[in-house]
Number of protein chains: 2
Amino acid sequence: MPNRGDRGGAQTRARIAAIATELFLERGFEDVTIAEVAAAAGVSKVTVFAHFDRKEDLLLDRLPDVRDVVRTAIHERADDVGAVEAIRRAVLALAAQRHPLSGLSEGAEPFLRTLIASPALTSRLRGFEYEIEKELAADLDADSRFRGDSALTAALLVAAYRTVAVEMVRRRLAGDDLAEIAAAHQARLERAFEVLATGLPNGG
Amino acid sequence: MPNRGDRGGAQTRARIAAIATELFLERGFEDVTIAEVAAAAGVSKVTVFAHFDRKEDLLLDRLPDVRDVVRTAIHERADDVGAVEAIRRAVLALAAQRHPLSGLSEGAEPFLRTLIASPALTSRLRGFEYEIEKELAADLDADSRFRGDSALTAALLVAAYRTVAVEMVRRRLAGDDLAEIAAAHQARLERAFEVLATGLPNGG
DNA sequence: TCGGTAAGTTTACCGAGTAAAGGTTGGGTG
DNA sequence: CACCCAACCTTTACTCGGTAAACTTACCGA
């Protein structure tokens with residue numbers, strides 16, 4: 001893959017991603033071909049695949065950043081803070097600043113709409129989710145202070161977070177007020193982490 | 001899709017799936033083409049896709065049965081049994097009888113090996129996982145006795161179960177003794193449900 | 001000046017999946 | 001019996017994502 005050298009590689013990659021994103025948001029992911037993206041970016045089809053492994057990555061190329069968020073949260077927490085608590089603080093911080101990765105940034109609706117409308121994209125999203133879960137489990141394993149079942153902890157954390165995120169996306173696409181969504185999102189995050197800490201309420 | 005009438009449809013489907021499975025286990029999922037499966041089954045490529053939506057479904061065609069297991073468990077539980085408890089009993093029962101869906105049936109290693117070796121198959125498996133989660137959430141919603149966050153409950157249940165299942169598969173492929181695997185599997189299931197009920201231990 | 005190397009191009013190909021239109025067979029109905 | 005309908009399957013042709021390989025271009029450092 002390119003992107004290592006200093007002669008245009010990174011710019012080309014950025015240009016391809018930008019144009020692809022524009023086309024996808026405009027016409028839907030499935031209705032834009034790689035050949036079109038390549039032509040619009042003034043580049044050959046092969047070059048597109050030199051920069052991105054899969055078509056879906058043209059839109060989701062920022063998602064791997066989540067790994068860093070997770071790793072940093074675990075690694076740089078204070079001594080008296082548990083791993084789960086560190087993750088909790090990290091995702092709440094992202095939500096509070098309406099970081100793009102939180103899904104709460106302004107104007108994200110077209111992106112979210114495009115994402116939800118495409119089976120290929122949602123499938124790839126689940127793939128990322130699983131990668132992040134594995135990453136988190138590995139980080140927990142490598143952490144000398146963590147005691148417990150790292151795989152189970154990682155799986156429950158990611159699942160809980162996703163549940164809350166899905167509801168937030170639903171409300172964004174329903175056109176609800178962003179401030180209300182953000183507030184409800186944070187409340188639901190708190191609630192989800194509470195459930196993780198104390199167990200499911202016996203309701204059924 | 002065929003399979004409704006009584007003239008050969010179901011047999012043809014079964015024959016295709018059987019031959020495809022054989023080929024996949026023998027040579028790996030990615031190294032067998034649909035054209036080969038079709039030829040070996042004495043059928044055209046189009047007919048294969050008339051019976052199965054995707055290539056992966058040729059191997060995973062029994063997986064949708066899990067939905068029925070879940071639905072039945074929720075729906076036919078006794079009055080004094082909670083929904084989560086009903087699921088717990090159902091999966092423990094499957095494990096106890098080494099039901100094929102539990103992954104504990106004898107001789108399943110080649111199947112599991114083929115599954116794990118293929119990104120396309122594992123991805124499809126995650127897709128099923130998510131469908132089952134949605135199904136479970138819907139069942140909980142429809143259940144008059146259940147109180148709580150159905151989406152969160154379903155997500156945590158499925159995530160917890162998967163974690164335990166993954167470890168079991170790992171041990172099967174490592175060649176451990178099946179009886180030991182089954183015993184450990186049941187113990188880990190109990191432990192996972194305990195965590196769901198009482199929360200993650202504060203280890204980190 | 002020369003050669004190495006990263007980036008991109010052309011060409012050719014593979015395999016999954018779809019569309020369309022037509023052929024075969026059996027079962028039910030006038 | 002003759003006929004037709006419906007289900008099943010076929011052939012053909014196509015689209016699109018993705019890969020392989022060999023060639024070009026341009027910078028960069030010795």
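Order of the sequence lines sets the chain letters (A, B, ...), proteins ahead of strands, with each chain counted from 1.
Atom-to-atom, CD1 of B:Ile16 to P of D:dC8 comes out at 12 Å; the value is rounded to the nearest Å. The distance from atom CZ of B:Arg13 to atom C1' of D:dA7 is 16 Å, rounded to the nearest whole Å. Atoms CG (B:Leu121) and C1' (C:dA16) sit 14 Å apart, rounded to a whole Å. Going from atom CD of B:Gln11 over to atom C1' of D:dA7 covers 14 Å, rounded to whole Å.
In a base pair of the Watson-Crick type (N1 to N3 plus N6-O4 or O6-N4) or a G-U wobble (N1-O2 and O6-N3), with each distance short of 3.5 Å, D:dA30 is matched with C:dT1.
In summary, B:Glu131 and B:Arg67 engage in a salt bridge, as defined by a charged side-chain N under 4.0 Å from a carboxylate O. In summary, B:Glu167 and B:Arg170 engage in a salt bridge, as defined by a charged side-chain N under 4.0 Å from a carboxylate O. One finds no salt bridge joining B:Glu36 and B:Lys45 here, because no Lys/Arg side-chain nitrogen approaches an Asp/Glu carboxylate oxygen to under 4.0 Å. Salt bridge B:Arg62/B:Asp65: absent, no basic N to carboxylate O contact under 4.0 Å.
Residues B:Phe128 and B:Val66 fail the side-chain proximity criterion, which asks for heavy atoms closer than 4.5 Å.
Residues forming a side chain to side chain donor-acceptor pair (under 3.5 Å) with A:Ser150 (at least two apart in sequence, or on another chain): A:Asp141.
Phosphate proximity of D:dC9 to B:His51: present, with a side-chain N or O under 4.0 Å from OP1 or OP2. Distances shorter than 4.0 Å separate some side-chain N or O of A:Thr12 from OP1 or OP2 on C:dG8.
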For nucleotides 11-24 of chain D, 5' to 3', base contacts (B), sugar-phosphate-only contacts (S) and non-contacts (-) with protein non-hydrogen atoms under 4.0 Å give BB---SBBBB----
